[in-house]
Amino acid sequence: MSPRHLALAALTLGLAACADKSALPLTGTLERDRIELVAEAQEPIVEIPVHEGARVKTGQVILQLGTESYAAQLAQAQAARDQAAARIPGAEATLVQAQKDYDRGLILVKQGTRSQSELDQAKAALDNARAARRAAGAALDQAQASLDDMHISADRLSVRAPRDAIVDSLPYHLGERPPAHATVAVLLDASAAYAQVYIPEPLRARAVAGLKATLRFDGVDKSYTGTLRYVSQDASYTPYYSLTERDRSRLAYLAKVYLEPADAAGLPSGAPVTVDFPDLH
């Protein structure tokens with residue numbers, strides 16, 4: 001638990017100790033889920049087209065890693081694929097001719113103008129042609145798969161937003177070479193924002209998912225409506241001594257009250273918020 005959340009829990013617990021109903025409204029902060037994006041390979045950062053605090057759309061490039069080391073591998077994989085594809089017409093032409101020779105030999109054997117051994121040779125040639133065509137097709141499929149994998153690997157050097165989000169942190173700078181799998185960007189999910197509060201134990205039994213809440217933010221005149229969607233099953237604070245009735249009032253449960261996306265769009269993450277549940281009074 002972060003220091004900010006510890007302080008929030010302590011404040012909520014202090015309120016809870018006063019009385020069941022006087023604990024309302026609860027104090028919390030506006031939060032958004034974090035999304036950490038990593039570098040797929042240890043390559044230099046060649047472009048950072050966004051800045052911290054920017055809102056980005058799904059698929060938008062957050063930063064670009066260098067692709068020079070992949071260029072030769074891509075060229076090699078493309079050449080192997082082209083070479084495999086070039087074998088297909090010859091293998092098909094050989095198969096077509098072998099089939100014609102066998103069909104003609106079959107007719108001649110029936111007419112008695114060609115021996116069975118000659119037909120057997122034509123059949124063996126046809127089988128070989130079929131096997132060669134299958135092998136050529138398999139080689140092409142394998143080469144194409146290798147090329148596709150290289151393209152996917154190269155595309156992953158473009159670090160993109162997996163969903164609409166807010167750029168929270170860009171720990172590396174242009175020209176730096178982050179280690180493979182290092183976090184190179186931290187985003188905040190822009191599709192959902194929630195007030196994180198701690199519900200005192202006396203209110204826990206009636207704090208169920210779907211409960212409506214009224215939220216107010218410092219410096220904002222209007223109030224907002226939210227919906228309680230999550231309450232932890234485990235208390236965030238447990239006394240080391242026996243849980244008497246008085247001690248139980250010190251327990252608190254982490255809860256998340258979600259706002260409508262349109263309402264939360266202009267509110268900053270971390271903003272202090274008071275949350276009231278009218279039905280719990």
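All heavy atoms count here, side chains included; hydrogens, waters and symmetry mates do not. All values derive from a computational prediction rather than experimental measurement. The first residue of the sequence shown is numbered 1, and numbering continues consecutively from there.
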Hey, could you give me the [atom1]/[atom2] distance between [X] and [Y], rounded to the nearest 0.5 Å?
{"X": "L119", "Y": "R114", "atom1": "CG", "atom2": "CZ", "result": "8.5 Å"}
{"X": "L259", "Y": "L30", "atom1": "CG", "atom2": "CG", "result": "6.5 Å"}
{"X": "I166", "Y": "R32", "atom1": "CD1", "atom2": "CZ", "result": "4.0 Å"}
{"X": "I62", "Y": "L170", "atom1": "CD1", "atom2": "CG", "result": "7.5 Å"}
{"X": "R160", "Y": "D155", "atom1": "CZ", "atom2": "CG", "result": "5.5 Å"}
{"X": "R216", "Y": "Y224", "atom1": "CZ", "atom2": "OH", "result": "9.5 Å"}

Whether the [X] and [Y] side chains hold a donor-acceptor pair (N or O, under 3.5 Å, no angle test) is what I'd like checked.
{"X": "S191", "Y": "D189", "result": "yes"}
{"X": "Y194", "Y": "D33", "result": "yes"}
{"X": "T29", "Y": "E31", "result": "yes"}
{"X": "T225", "Y": "K212", "result": "no"}
{"X": "E43", "Y": "S69", "result": "yes"}

Specify the closest pair of heavy atoms between [X] and [Y], including all atoms of both residues, with the distance to one decimal.
{"X": "S223", "Y": "T214", "result": "CB-CG2, 4.0 Å"}
{"X": "P89", "Y": "A85", "result": "CD-O, 3.3 Å"}
{"X": "A91", "Y": "A132", "result": "CB-O, 4.4 Å"}
{"X": "V109", "Y": "S115", "result": "CG2-O, 3.6 Å"}
{"X": "Y253", "Y": "A235", "result": "CE2-N, 3.5 Å"}
{"X": "V61", "Y": "V50", "result": "O-CG1, 3.8 Å"}

I want to check something: taking the side chain as every heavy atom from C-beta on, are [X] and [Y] in contact at a cut-off of under 4.5 Å?
{"X": "E92", "Y": "Q97", "answer": "no"}
{"X": "V208", "Y": "L228", "answer": "no"}
{"X": "L65", "Y": "V46", "answer": "no"}
{"X": "P272", "Y": "F217", "answer": "no"}
{"X": "Q73", "Y": "M150", "answer": "yes"}

**Over 12 non-hydrogen atoms of neighbours within 6.0 angstrom of CD in E118** =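 Yes.
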**Asked** For atom CD of Q111, is the number of surrounding heavy atoms from other residues, nucleotides or ligands below 6.0 Å larger than 12?
**Response**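 Correct, the count exceeds 12.
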**Request:** Quick one: do E52 and D168 satisfy side-chain contact (heavy atoms from CB on, under 4.5 Å)? Show the steps, please.
**Result:** CA-CA 6 Å; E52 292 178 344; D168 184 56; over 6 Å; no
Please answer: with hydrophobic residues joined when any side-chain heavy atoms are less than 4.5 Å apart, are [X] and [Y] in the same cluster?
{"X": "V38", "Y": "I35", "result": "no"}
{"X": "Y102", "Y": "L108", "result": "no"}
{"X": "V56", "Y": "L267", "result": "no"}
{"X": "I107", "Y": "L126", "result": "no"}

[Y] backbone acceptor or donor facing [X] side chain under 3.5 Å:
{"X": "T274", "Y": "L26", "value": "no"}
{"X": "Q142", "Y": "A139", "value": "no"}
{"X": "Q99", "Y": "V96", "value": "no"}
{"X": "R163", "Y": "T58", "value": "no"}
{"X": "R55", "Y": "D164", "value": "no"}

**Request:** Please step through salt bridge (Lys or Arg N to Asp or Glu O under 4.0 Å) for the pair D103 and K100, ending with a clear verdict.
**Result:** CA-CA 5 Å; D103 292 342; K100 290 180 179 179; over 6 Å; no
**Message:** Is there a side-chain contact (heavy atoms from CB on, under 4.5 Å) between R81 and L140? Walk through the geometry before answering.
**Reply:** CA-CA 6 Å; R81 187 268 176 200; L140 176 58; 4.1 Å; yes
**Request:** Indicate, with yes or no, if the rings of Y230 and Y258 have centres closer together than 6.0 Å.
**Result:**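 Here the rings of Y258 and Y230 have centres that are no less than 6.0 Å from each other.
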**Asked** Among all residues two or more places apart in sequence or in another chain, which pass the side-chain hydrogen bond (donor to acceptor under 3.5 Å, both in side chains) test with D141?
**Response**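 If we apply the side-chain hydrogen bond (donor to acceptor under 3.5 Å, both in side chains) test to D141, skipping adjacent residues, there are no hits.
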**Request:** Please determine if D120 and K123 form a salt bridge, counting it only when a charged side-chain N lies under 4.0 Å from a carboxylate O.
**Result:**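 No.
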What donor-acceptor contacts under 3.5 angstrom involve side-chain atoms of residues 174-186, with partners at least two apart or in another chain?
unit_1	atom_1	unit_2	atom_2	d
E176	OE1	H173	N	2.6
R177	NH1	Q42	O	3.2

**Prompt:** In this structure, which one of L187, L63, I48, L188 forms a side chain to side chain contact (heavy atoms under 4.5 Å, CB included) with V167?
**Reply:**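 Of the listed options, the one satisfying the test is L187.
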**Request:** Show the numbers, then the answer: is there a side-chain contact (heavy atoms from CB on, under 4.5 Å) between V257 and L215?
**Result:** CA-CA 9 Å; V257 179; L215 298 86; 4.1 Å; yes
